[in-house]
Each structure stands twice: as structure tokens, then as C-alpha cells.
Amino acid sequence: MKFSVTVTLKKDVLDPQGKVVQQTLQNMGMKTLKDLRQGKYFEVDINENDEKLAKDKVDEMCKKLLANLIIEDFKISKL
Amino acid sequence: MKFSVTVTLKKDVLDPQGKVVQQTLQNMGMKTLKDLRQGKYFEVDINENDEKLAKDKVDEMCKKLLANLIIEDFKISKL
Amino acid sequence: MNITKEVIQKHGLTIEEFVKIKDLLQREPNILELGIFSAMWNEHCSYKSSKIHLKKLPTKNKNVIQGPGENAGIIDIGDGDAIVFKIESHNHPSFIEPYQGAATGVGGILRDVFTMGARPIALLNSIHFGSPENTKTRNLLHGVVSGIGGYGNCIGIPTVAGETKFNQTYNENILVNAMAVGLVKKNKIFYSKAKGIGKSVVYVGSKTGRDGIHGASMASAEFDDDSEEKKPTVQVGDPFTEKLLMEACLELMKDKSIISIQDMGAAGLTSSSVEMAFKGDLGMEINLDKVPCREEKMTPYEMMLSESQERMLIILEDGKENEAKKIFDKWDLDFVVIGKTIETKKLKLYYKNDIVADIPIEALSSSAPQYERKWTKTELPKKETNFKNLKKINFKESFLKIISSSNHSNKNWITEQYDQMVMCDTIQKSGSDAAIIRIHKKNKAIAVAVDSSANYCKSHPITGGKQIVCENWRNLISMGAKPIAITNCLNFGNPENQEVMGQFAETIIGIKEACEYLDYPVVSGNVSFYNGTNKKNIFPTPVIGGVGIIQKPEKNINHLFKEVGNSVLLIGKTFGHLYQSAFSNEILSINEGPPPEINLINEKNNGEFVLELIKQNLVLSVHDVSAGGTIVSLAEMSIGSSLGVKIEKPKNLNNIFEYFFGEDQGRYLIEIDKNNLEKVKELLKKNNIFHEIIGITQKDKFELAGEFSIDIKELSKINNKWYYNY
Amino acid sequence: MNSSVIVFPGSNCDRDIAVALEKMQFKNKLVWHKDTNLPKSDLIVIPGGFSYGDYLRSGAIAAKSKIINEVIKAANEGCLVLGVCNGFQILIETGLLKGALLRNKNLKFINKDVSLKVNSINNKFCKKYKLGQIIKLNIAHNEGNYFTNKDHLKELEDNNLIAFKYCDEKGFINQNSNPNGSVNNIAGIFNKNKNILGMMPHPERMIEKSVSGDDGISLFSSLLN
Ligand SMILES: Nc1ncnc2c1ncn2[C@@H]1O[C@H](COP(=O)(O)OP(=O)(O)O)[C@@H](O)[C@H]1O
Ligand SMILES: [Mg+2]
């Protein structure tokens with residue numbers, strides 16, 4: 001069973017990477033770009049038949065390792 | 001108008017990060033984890049009313065900067 | 001699969017070469033065998049166009065332990081220590097994917113050094129880009145620099161020196177050359193030569209994926225308009241795994257279990273197995289079912305030609321498998337016995353209980369084609385431009401324009417992205433003429449530098465070849481090091497073009513002459529041909545990497561002025577040669593004429609004299625005069641030291657441009673303590689060394705008497721801004 | 001004094017810091033990350049480098065290793081813990097120190113000598129420095145941009161928990177003297193009990209005048225007694 005996980009910085013945490021990427025794009029002429037935030041993306045394949053159970057496992061992975069909950073939020077979707 | 005962009009490594013391209021993260025999770029006891037690949041995630045907010053036009057802009061951003069098409073693929077979705 | 005003309009061509013082989021393969025095998029090869037031949041017979045592995053020329057290079061002196069022919073060259077530095085070093089190109093991959101191309105270039109050259117048992121202690125690089133106006137250049141520059149840093153920083157080896165140049169000739173074909181330097185105990189050197197029959201052949205490191213299948217062939221083919229299609233062959237580097245592999249190998253090497261060891265570089269498993277067997281005059285049998293694979297359903301063809309990084313092949317003494325495996329387990333790396341050495345001198349590959357390839361080792365190595373390609377001489381260009389009448393040109397503006405140009409700007413923007421200090425033995429970081437690395441826990445050091453000058457070599461390859469060797473030698477001397485030996489990376493265009501082949505042959509003649517005269521032999525190197533696009537070849541760009549020894553590093557000097565009120569002397573004669581100079585190029589946009597002449601006798605005398613002055617503690621700072629001429633070198637001595645200088649025009653000066661921008665060779669600028677001036681003058685006279693007193697150090701101002709004066713801070717700003725604004 | 005330097009796969013300043021400790025007469029041991037026993041130590045050092053390649057987030061994976069539990073235990077019992085560069089990042093990921101280390105504001109790896117102002121000397125790590133002293137150390141990192149929330153920042157400032165701040169040669173602390181974007185120019189912080197110090201600059205790279213400088217020595221000598 002496959003899931004996608006996105007991990008993004010919390011709103012009040014500064015995102016230096018996103019900011020530089022945004023500036024670069026704007027300098028390249030993308031005048032309509034208003035805002036850009038950068039995060040991480042994971043594709044997780046898990047050996048589990050029960051969707052609820054599988055999702056719980058992925059949730060655990062996020063909390064234990066993939067995201068740093070002090071500064072980051074995460075979101076899981078089934079693929 | 002907001003879009004999400006995910007950038008992932010092409011299939012046969014080595015993903016050293018994903019590999020180490022996967023091993024770590026397995027060592028932490030996640031025995032059912034089969035595979036994990038890591039990518040990048042962007043949230044893009046763009047000043048544009050026409051969806052088609054907006055998406056084209058984001059597509060251009062991906063091709064010009066956000067993704068390296070030689071080793072990466074990207075996907076755009078409306079948020 | 002049918003082997004058609006097209007298949008043969010796609011493998012970069014000619015029809016004649018294919019006929020030769022059939023002769024050697026006495027049958028048609030299968031597709032796997034064809035792939036193996038193509039990898040071994042391409043330019044990159046076989047040196048088929050270059051071998052007869054490379055043989056001319058001097059390769060020995062009393063310090064050389066190992067010359068060309070192994071993974072890297074080795075020199076003796078005394079006290080039981082030896083230095084292992086080599087330079088290698090990663091040009092084509094870096095143009096396609098600058099970050100990964102440059103990163104894997106660094107990874108590859110590091111493996112060449114630690115394969116020999118040495119712990120790498122320094123990295124250097126020489127990178128050449130197209131003109132800054134070219135739209136691709138910026139991305140390539142950013143990608144390459146962060147790739148070099150990304151790999152070296154992560155693995156924890158300081159990147160301490162290098163050179164960066166821009167020239168339109170590289171617009172469609174950049175150069176990325178990486179050099180690694182390692183330290184080994186003289187009696188603990190490891191070689192690639194196999195020995196003994198029935199010994200285990202072990203695969204260690206990363207798993208094999210479909211990376212860079214046919215990368216080695218790619219590196220030997222020109223780019224054309226569909227080079228886009230060749231893109232999927234780029235490999236991704238994993239410096240973390242390389243660090244583990246390095247530590248694991250060095251740990252295993254403490255013991256006596258390794259017979260021979262070889263990294264899997266270009267052409268991966270194929271070239272490493274064939275090379276080990278060929279050097280050991282025996283054969284090798286490999287069971288491909290055992291090869292650790294990253295992807296499912298990999299074919300024998302893919303396994304043999306994959307260029308996945310961070311892998312090694314080891315031949316072990318009997319019974320050492322378990323002990324060795326423990327070490328690789330500790331570092332979480334694959335360790336698999338995949339075959340054994342055999343008496344029959346063949347490469348035999350097995351897969352799913354079938355023999356899938358069976359090729360005589362000699363057919364792949366010593367029987368590989370060798371070409372004596374036709375070549376044409378480059379005549380010494382005439383001196384056509386008249387530089388006497390430059391009244392309309394403003395001297396100060398020209399000077400400032402040069403030091404703020406892409407080629408002559410301060411490289412801090414680059415070097416700050418490299419960890420130069422890790423390992424804590426960096427005495428002199430980049431920014432001076434050479435870097436100085438202390439031998440760990442000893443009061444001894446080495447100096448290292450890389451150099452090239454494509455404009456000179458393009459104009460006249462023999463002179464250019466001599467010139468880079470001399471410039472490199474001078475750079476080491478300027479740090480107080482005794483130059484010992486060099487490695488070289490020969491970046492050229494298409495060798496099937498007679499003019500290019502001529503540039504190659506004559507550059508080597510030049511290198512040879514200088515090396516012989518200076519007792520500065522070549523101990524390792526690499527040739528990169530086919531640099532260019534659609535029949536437009538790059539300027540010939542040989543790159544020289546040199547290593548010298550410093551016996552007493554505590555007395556270390558560099559190019560920076562030290563005190564106010566000291567005399568600055570110019571050693572060596574100034575004729576005012578402006579052809580091919582930075583001034584001529586950047587200010588007048590004139591690219592014609594011959595390069596400055598090399599007088600090896602003066603070169604050697606002046607260099608040895610400067611070294612002696614340093615030894616006797618009679619100089620405070622030294623800088624050689626190179627591109628840009630005396631005025632630019634003086635400026636470099638000021639910038640960074642925050643000390644100025646008042647430069648006096650020599651009497652009888654008739655052309656200020658020729659005098660200060662001329663790029664005559666064999667010259668040094670030295671700062672002499674007031675109290676030592678008489679003594680130094682005496683020595684100069686006694687040794688018959690031509691010199692002029694050119695200025696006096698002073699506070700704050702960089703000044704050319706009667707012309708201009710500028711604040712050092714201002715000068716420094718001008719010299720610093722280019723990269724930050726690009 | 002007994003010290004232990006923890007070695008993770010990918011650590012690369014372990015030897016450098018061991019050399020510095022030995023030079024200062026510490027009895028030092030290198031401890032492999034798979035070990036479960038920590039030798040008895042007065043000081044634990046987590047060295048710089050790229051543990052686990054800095055993959056995922058720098059320090060994140062090392063913070064899940066076996067030995068880290070022992071480090072946390074010792075730290076909570078009051079043992080002195082020093083994390084340098086990647087070691088600081090690891091301490092942050094374990095939660096022993098609060099805040100986050102983000103990418104440098106210019107998104108580039110930065111290696112250079114920087115000036116630092118010693119901001120707190122009433123602790124075991126900095127007592128041989130003078131308050132306000134300007135020292136020169138070397139930084140080498142990708143993610144040294146310290147960030148924390150307002151409350152914690154106030155706590156750090158109010159309780160003297162900031163060890164060093166980036167400044168210029170004259171001691172001015174401003175955006176121009178901030179190499180990586182750290183909030184309030186923070187280069188190193190303590191935990192509440194001041195037995196844990198995390199810092200981005202490398203003191204072990206400055207222990208010899210003739211090589212690079214010696215402003216790092218006082219940090220090690222402070223720890224000696
Ligand atoms: N220009 C050169 N000058 C001297 N030696 C060279 C040169 N080019 C290659 N060599 C030597 O030829 C051998 C094979 O080179 P190469 O195939 O690049 O090595 P590797 O297999 O380690 O990549 C090496 O020992 C190298 O030092
Ligand atoms: Mg090799």
C-alpha cells in the first residue's frame with residue numbers, strides 16, 4: 001500500500017530555502033508569483049492490507065522521524 | 001491561486017537520502033516498510049485568475065528551476 | 001540480439017574494430033561481450049590515441065615510488081611517509097548535470113587514492129566554464145561548485161586549492177578536473193595487481209544500479225544536438241556511502257588480508273576485473289547472480305557496464321573472508337564474494353548457471369587498438385599587433401577592469417563553499433599560490449597547486465605545455481616548497497582531427513621538456529578527448545597538478561605583504577610580452593600572437609634562488625608573476641594583507657602597459673625586510689640573478705607613482721564583487 | 001578529566017576534536033554509535049561532520065541511534081555535553097537543546113573564520129574567556145541558521161543562555177556580521193542548567209597559533225577543572 005507524505009515548515013517558521021527559490025523565480029521574470037514555501041515529499045510503500053493500520057504506521061513514522069514536530073507539520077495521503 | 005508541486009527522482013536514479021531514511025525506519029522497528037523514496041515539495045501561490053494560465057506558469061517554473069529534468073520528474077496539482 | 005552495423009556504432013566502435021574483435025574471439029561476440037569490448041576499447045580506458053605520446057613523458061626521479069600505470073602516482077616524502085596523488089576529468093557528465101557530475105568526479109578521484117591505502121588529505125580542482133554572457137554558464141558554475149563542495153565537505157576532506165576560468169571556448173563543453181592527494185606509510189601501499197589462483201574476488205560498497213550505463217563511452221564521444229538523449233546515463237553520488245567505504249577499506253588495510261584492490265571507476269565491474277587480472281597475468285571468473293543489485297531484473301549487460309559509484313573490487317588472501325566481512329558489516333556496506341581468480345587468462349562470466357561471456361583478458365587490454373593518428377604542427381604565430389601606441393587607453397581603468405573581471409576576481413565566493421579546514425592540518429588555504437597541508441602530527445608539510453593556460457596552449461602548444469609546468473613549479477616555490485612531481489589532465493578536442501592531435505602531441509613535447517629540465521616528473525594523469533561540439537573543439541587545455549615538500553612549515557610564507565617600509569623586488573627580466581596576455585584579451589580584445597617565451601635556464605635559476613632566500617629566512621612574502629602581469633600580482637599581495645605599496649616606474653621606461661601588464665615568465669615578486677636588503681642584494685649579484693627594486697610597502701594605499709593611487713579597501717571591493725553580482 | 005567523543009557514520013571532525021582534547025590532557029575515548037555503553041566521562045563531545053550524510057534533516061538520524069539514549073541519560077544527570085556543528089544539530093534533534101537549525105540564509109555551505117563575542121562566562125565552558133571578548137573561530141556548515149520562537153529567545157537572552165554571538169572584528173552584532181541568518185546572531189546556546197553547550201563554530205580548529213589561530217583553547221581549558 002502506497003502513501004505520499006508531505007512535510008512542511010510551520011507557518012511561523014522562517015523558510016530560507018523557499019524564500020531564495022521564490023526570489024530566484026521572481027528575478028527570472030515570474031512576476032505573478034506571490035508566495036512559495038518548500039517542504040519535503042516522501043513516497044512510502046508499506047506491506048499492510050488494512051488501510052487504517054497502514055496509515056497509522058505511516059503516521060508513526062512521521063512523528064518519530066520524518067517530521068520534526070517542533071518546526072514542521074505533515075500530511076499523509078493514500079496513493 | 002495555489003498549487004502543490006512534488007518533485008521526485010526518476011525511477012532508476014539512486015536516492016541516497018531515501019535509502020538511509022528507509023534503513024533507519026526499519027532499524028527503528030518498522031518491519032513492514034517496503035520502500036521509501038524522498039523528493040521535494042513546493043507550495044506555490046500565484047496571482048492569476050485563469051487556472052490554465054496559472055498552471056502553465058507553474059509548469060514553466062518546474063522546468064526552469066524547481067526540477068532537474070535529467071534526473072527528476074514533477075507533478076502539479078491545484079490546492 | 002543481432003549485432004548490426006548500427007549496434008556496433010552505438011557502442012562507439014568502428015567496423016574495423018569489430019572485425020578485430022571477431023578475429024580475437026575467433027567468433028561473433030554476443031551483445032554482452034560487445035558491450036565489454038566497447039567499454040575497454042574506448043578512448044577513456046584504452047588510451048588508444050594517446051598512448052604513444054604519453055610514453056614520452058619523464059616519470060622518474062629519486063622521490064618517485066610509483067609512476068603512471070596504477071590508480072595514482074606515489075612520491076616519497078621521507079620519514080617513511082609517501083604522498084599519493086592523481087587528477088581526473090569529469091567534463092561531459094558535469095555539463096549534463098553539473099551538481100552530480102562534479103560530485104561524482106570528486107568521489108571517483110578519491111577512490112583512486114584510498115584504493116592505494118592512502119588516507120586522502122586534500123582535494124583540488126580545475127574548472128573551466130564558457131563565457132559569463134553565455135546563458136548556461138551561471139547554472140553550470142553554481143552546480144559544479146556546490147557539487148564539488150557537497151561531496152568533499154560531506155566526506156570530510158578539505159578542498160584547498162584550484163583554479164576557475166571562463167572562456168567562450170567552453171560554452172558547450174565545460175571542464176571539471178578533480179585532484180586528490182593522500183598520505184600513506186611507504187610500507188603500506190596497496191596495488192591493483194592480482195596474485196594467486198583460486199583467490200576470492202570480493203565486491204564491496206554500494207549496490208549496482210542502472211547508473212551511467214555506457215558512461216565511459218559517453219565520455220569519449222563528442223556532444224551533438226541530441227546529447228539530450230544521452231542524459232539518463234548521469235550517476236548520482238553518495239558521499240556518505242563513500243565515507244563509509246573509505247573508512248572500511250582503510251580499516252581492512254591495517255591487516256594483511258588484501259592481495260589487491262581496485263576501485264570501480266569508468267566502465268565499473270568490467271574495467272576493474274580486467275585490469276586486476278591483466279596486471280596479475282591471470283584470469284577471473286565472476287558469478288553475476290551474486291552481484292548486489294539495486295533494481296530488479298538487471299541484466300548481465302547492465303551489471304557489467306553500470307557505473308554506479310562507491311564500489312570496489314578486492315582480492316583476498318585465503319581464509320580472510322569472515323574477518324573482512326565483519327569490518328564491512330560494521331560500516332553497513334555490502335560485502336559479497338562474487339568470483340575467483342583462475343589460471344586461464346580469461347574473463348568468464350556466469351549467470352543463471354550459463355556462461356554468458358568468455359573473453360581472453362589480453363583481447364580486452366593489450367590487444368586493444370592503438371592509433372598513431374595523423375597530426376599537424378602549430379606554427380609559432382607572428383607578432384602582428386603593435387602595442388606601442390596605446391595612448392587612448394587609460395592605465396588605471398584597464399588595471400581595475402582586469403582585476404574585476406571574471407577571470408581575475410577574487411574566488412572567495414567559491415572557496416567559502418568548500419570546507420578547507422577539516423582535518424586541522426591546513427596551514428595555507430586557497431588564495432595564495434599553493435595550499436599547504438601539514439603531515440598529521442609531524443613538523444613537515446606539502447604544498448599543492450593546479451594550473452592551466454589554454455590561451456597559451458592554443459597559440460603555441462609546445463610553449464604552452466612548457467609554460468604550465470613552469471608556472472606550477474613556480475607556484476610551489478613561492479610557498480617555500482621544493483617541487484617534487486606532477487599529475488596531469490589533458491583536456492583536448494577530437495583526436496581524429498589532425499590539428500587537435502597535433503596540439504596534443506606538441507603539448508606533450510612541451511610538458512616533457514620542462515619536466516625533464518626541472519626534474520619534475522609525471523607520476524599520474526588522465527586524458528580527456530572529444531571535448532567540443534559539432535566539430536568545434538575546445539582550446540587545448542592541459543591541467544598540471546603539482547606536489548612539493550616543505551621541510552619546516554613553521555617558517556611558512558605566502559603572497560601577502562607583511563610590514564610597512566619594506567622593499568619589493570621583481571626577480572627575473574621584464575620584456576613586456578603582451579600577446580596572449582590578460583591585458584590584450586580583456587582590454588583590447590586581441591587574441592593573437594605567440595605566448596610568452598619560456599627560458600628554462602632562467603626559470604630554474606630564478607626559482608632555485610628564491611627557494612634559497614626563503615630557506616635562509618631572507619624574504620617575508622613571495623608571489624609569482626602570472627596572468628595580468630606585475631601590476632595584478634602586486635595588487636594581489638596588497639589585497640588581503642591590507643598593506644599597500646608604492647610602486648616606482650623603472651627609469652628608462654618607455655611603455656607602461658608593456659612593463660606592468662606584460663606576462664614574461666620566470667618572474668617573482670618578493671618582499672624583503674629593510675634590514676636584510678643589502679644581504680639579499682649581495683646574493684642576487686653573486687648568483688647573477690636579474691632583479692629590479694619595484695616598490696616599497698606602505699599603509700593603506702596601492703599606488704603607482706605618477707599614475708594613480710587607490711585605497712586598499714576600495715581595491716579589495718573591486719576585486720571581490722564579480723561573483724557576488726553574477 | 002575523562003572525555004568521550006561519539007562517532008557516527010559520517011562524523012568527520014571526530015579525529016580533530018580528539019586531537020584537541022588530548023592536547024589539552026583530557027583522557028579521551030572514541031565511542032562508536034552502535035555501542036550501548038558509554039565509558040565513564042566528565043565530558044561527552046558530539047563532533048562535527050555529516051552524520052548519516054545529513055540526509056533528511058541534519059542530525060535527525062543520529063538522534064535516533066542507540067548511544068544517544070546514554071548521552072541523554074548522562075546529560076540529564078548533569079554530565080557536561082558539548083555539541084559542535086553537526087553535534088549541535090544532533091543535540092537539537094534529541095531535544096536536549098531547543099530551537100532549530102535551518103539552511104543558511106544564502107543556501108550555501110559556508111566555511112570561513114568568523115568573529116564571535118563571548119556572551120556568557122558564568123558556566124563551565126566559557127569561564128576562561130572574558131565577558132564580551134571577541135574571538136576568532138572557524139565555521140563550516142550548511143544548516144547553521146539558528147531559529148527559535150519568541151518566548152524561548154527571551155528565555156535564552158534573560159537567563160544568559162547564549163554562549164556566543166556572531167559579530168564583526170570590532171564587536172558589532174548586526175546583519176552584516178551574521179553569516180548564516182541566525183536569530184539575534186546566535187552561534188551557540190546552553191540548556192537551562194548550562195551543562196550542555198551546542199555551537200556551530202569549531203573550537204577544535206583553533207588550537208594552534210601557527211596553523212590557524214588559538215582562540216579555541218580557552219574553551220577546552222575552561223572545562224579542565
Ligand atoms: N596524461 C597522462 N600522463 C601520465 N599518465 C597518465 C596520463 N593519463 C593517464 N595516465 C595513467 O594511465 C593510467 C590509467 O589511467 P585511468 O584509466 O585514468 O585510471 P583509472 O582507471 O584509475 O581511472 C593511470 O595510471 C594514469 O595515471
Ligand atoms: Mg582507478
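Below, chains carry the letters A, B, ... as their sequence lines are ordered, and counting in each starts from 1. Note that the structure is predicted; figures quoted are calculated from it, not measured.
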Quick one: donor-acceptor pairs between chain C and chain D, under 3.5 Å, side chains and backbone, table format.
from     : atom 1 : to       : atom 2 : distance (Å)
C:Asn153 : O      : D:Asn12  : ND2    : 3.3
C:Cys154 : O      : D:Asn12  : ND2    : 3.0
C:Asp238 : OD1    : D:Tyr55  : OH     : 2.6
C:Lys330 : O      : D:Lys34  : NZ     : 3.0
C:Asp332 : OD1    : D:Lys34  : NZ     : 3.3
C:Glu416 : O      : D:Asn111 : N      : 2.6
C:Asp419 : OD1    : D:Arg205 : NH1    : 3.0
C:Asp419 : OD2    : D:Arg205 : NH2    : 2.9
C:Gln420 : N      : D:Asn111 : OD1    : 2.7
C:Met423 : N      : D:Asp16  : OD2    : 2.9
C:Met423 : O      : D:Arg15  : NH2    : 3.2
C:Asp425 : OD2    : D:Arg15  : NH2    : 3.4
C:Arg438 : NH1    : D:Glu208 : OE1    : 3.3
C:Arg438 : NH1    : D:Glu208 : OE2    : 2.8
C:Arg438 : NH2    : D:Glu208 : OE1    : 3.4
C:His440 : ND1    : D:Arg15  : NH2    : 3.4

**Q.** Residue selection (most heavy-atom pairs with chain D, distance under 4.5 Å) from C:Gly149, C:Cys154, C:Gly156
**A.** C:Cys154
Q: Identify which part of C:Ile155 has an atom lying under 4.5 Å from any heavy atom of chain D, answering side chain, backbone, both or neither.
A: backbone
**Q.** Between CG on residue D:Leu137 and CG on residue D:Leu116, distance to nearest 0.5 Å
**A.** 5.0 Å
Q | ring-ring contact (aromatic ring centres under 6.0 Å, His included) against D:Phe26, all qualifying residues, sequence neighbours excluded | A | none
Q | CD1-CG distance between D:Ile92 and D:Leu101, expressed to the nearest 0.5 angstrom | A | 4.5 Å
Q.
Can you list everything that forms a side-chain hydrogen bond (donor to acceptor under 3.5 Å, both in side chains) with C:Asp700? Sequence neighbours excluded, please.
A. none
Q) Do you know which of C:Val422, C:Ile157, C:Val145, C:Ile427 has the most heavy-atom pairs under 4.5 Å to chain D? A) C:Val422
Q. How about D:Val84 and D:Leu82: do any of their side-chain heavy atoms sit closer than 4.5 Å?
A. yes
Q: Can you measure from CG (C:Leu244) to CG (C:Leu333) and round to the nearest 0.5 angstrom?
A: 5.5 Å
**Q.** Partner set under salt bridge (Lys or Arg N to Asp or Glu O under 4.0 Å) for C:Lys188, not counting sequence neighbours
**A.** none
